[in-house]
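One structure is given below, encoded as structure tokens.
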Amino acid sequence: MHAYANPTRFLAIARPLTPWLLGVGLLLVLAGAWAGLTQVPGDYKQGETARILYVHVPAAWLGMGGWTSLALAGLIQLVWRHPLSGIAARAIAVPGMLFTALCLATGSIWGKPTWGTWWEWDGRMTSMLVLLFLYAGFIALTNGDEGQRQGGSLSRGAAIYALVGAINIPIINRSVVWWNSLHQGPSITLRGSSIDNALLWPLGLTLLGFSLLFGAIVLMRMRRIIADNRVAARLRRLADEED
Amino acid sequence: MKAKHQRLVLALVALVGVAGAGVLAASALRDEAAYFRTPVEVQGGKAAVGEAMRLGGMVAKGSIKRQSDGLTIRFVATDGKASVPVEYTGIVPDLFGEESGMVADGRMRADGTFVADRILAKHDERYMPPQMGEMPKNMKAAPKV
């Protein structure tokens, strides 16, 4: 693991990987959207509105997966002080927040025709909204701080914040099991799926596609932070030479 | 013990502590964070007459009766163990129907009828094509509300 904590080694892998993740991700998302909108039937009860699940489910998965990786990066920052972990956490926060917002928005759009309401304060919706605020807090905490000027590492406070915020992830996941809620229970569990295969397969395409896109965005953002660091270092050197 | 091992142990202990606190808080919230009460809870005396609350349950088969004013409906909400009659005046969501889940805002009347101000349809976790009359064998059964 230490080998990849070196920014030069990281760039040697990230540079060729980024266009592949981006290209394959875009293709899969487009294929999944096409299949989900035209190739599968609507749901027996909800009709056409069920198709929003091909965006809603990947968005929820990436919003929660994003914070899980952000918390892992925070842990690595706290314990091993790898320079790349703080950069990764900073790079994950914005797309993570974006997908969380997308999850809430698509859920709301689906909720109106299905439940009859845009928003209710049930366990699932409330805990997901808390995740959105956690992301906003992390971005506010780390944007323009001391660490950003010194290469992108996280302050101890920000790393602890990332770890403590991770408590919300299992709460979101279990919210529809622990408490009775307006949101339905989990459709896809270890025991199988209650989404029929005829409707399920485009979800595989969009789930993988959005995940690859997420990876591409994170790599691009990490590369930008590293490039910024190098520019700053070079400017400092130039300034020193002039003295 | 190296410094980074100390930090690792410290971080993990802190994480376990915070996770434990989270689980305790969540389990303490068990009843408070519930979005609605079930007919069993209502009949078990968990609803005072006139107290604002939400009632959730399945709409019993054959129970929806439209009243003579054309706007008011009466039906029975059930969770398989107990049932509560519900009265509602207004427009229901498209997905409201018999043998499917619903959540109603309102209050209990002294005669044991729940008077709803608003009704939401609850969707279950099954998604399937319309031509399928029966649930396929390989799909896990949806739990009752």
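Numbered from 1 within each chain, the chains take letters A, B, ... in sequence-line order.
Of the two parts of B:Val103, only the side chain, counted from C-beta on, holds a non-hydrogen atom closer than 4.5 Å to a non-hydrogen atom of chain A. In this structure, the portion of A:Leu53 lying under 4.5 Å from any heavy atom of chain B is its side chain and not its backbone.
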Show me the side-chain donor-acceptor pairs of residues 153-170 of chain A shorter than 3.5 Å, one per line, residues at least two apart or across chains.
unit_1   : atom_1 : unit_2   : atom_2 : d
A:Ser155 : OG     : A:Ala158 : N      : 3.1
A:Tyr161 : OH     : A:Leu134 : O      : 2.9
A:Asn168 : ND2    : A:Ser127 : O      : 3.1

Please list, one pair per line, the donor and acceptor atoms closer than 3.5 Å that link side chains of residues 47-59 of chain B to other protein atoms, with sequence neighbours excluded.
unit_1  : atom_1 : unit_2   : atom_2 : d
B:Glu51 : OE1    : B:Ala48  : N      : 3.2
B:Glu51 : OE2    : B:Arg37  : NH2    : 3.1
B:Arg54 : NE     : B:Asp105 : OD1    : 2.9
B:Arg54 : NH1    : B:Tyr35  : O      : 3.0

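To the nearest 0.5 Å, the span separating CG on A:Asp122 from CG on B:Leu120 amounts to 10.5 Å. Atoms CD and CZ, from A:Gln46 and B:Arg126 in turn, are 11.5 Å apart once rounded to the nearest 0.5 Å. For the atom pair OG (A:Ser194) and CE (B:Met128), the distance works out to 9.5 Å, reported to the nearest 0.5 Å.
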| task | Please report the C-alpha distance between A:Thr189 and B:Glu125 in whole Å, then the side-chain angles of each, then the deciding distance to 0.1 Å, and finally whether the side chain to side chain contact (heavy atoms under 4.5 Å, CB included) criterion is met. | result | CA-CA 11 Å; A:Thr189 62; B:Glu125 57 268 44; over 6 Å; no

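Chosen from A:Trp115, A:Trp178, A:Trp121, the residue pairing most often with chain B at heavy-atom distances under 4.5 Å is A:Trp115.
Considering all non-hydrogen atoms of both residues, B:Pro129 and A:Pro41 come closest at CB-CG, 3.5 Å. When all heavy atoms of A:Gln184 and B:Lys122 are compared, the closest pair comes out as CA-NZ, 4.1 Å. Smallest separation of non-hydrogen atoms from A:Lys45 and B:Leu95: O-CD1, 4.1 Å. Closest approach of B:Lys4 to A:Val79, counting heavy atoms only: O-CG1, 3.3 Å.
Between the side chain of A:Asn180 and the backbone N or O of B:Phe36, at least one donor-acceptor pair lies under 3.5 Å. Looking at A:Asp196, its side chain never comes within 3.5 Å of a backbone N or O of B:Tyr127 through a donor-acceptor pair.
Annotation for B:Asp117: atom CG counts as buried by contact number, over 12 foreign heavy atoms lying within 6.0 Å. Few gaps surround CG on B:Leu24; more than 12 heavy atoms of other groups in view lie less than 6.0 Å from it.
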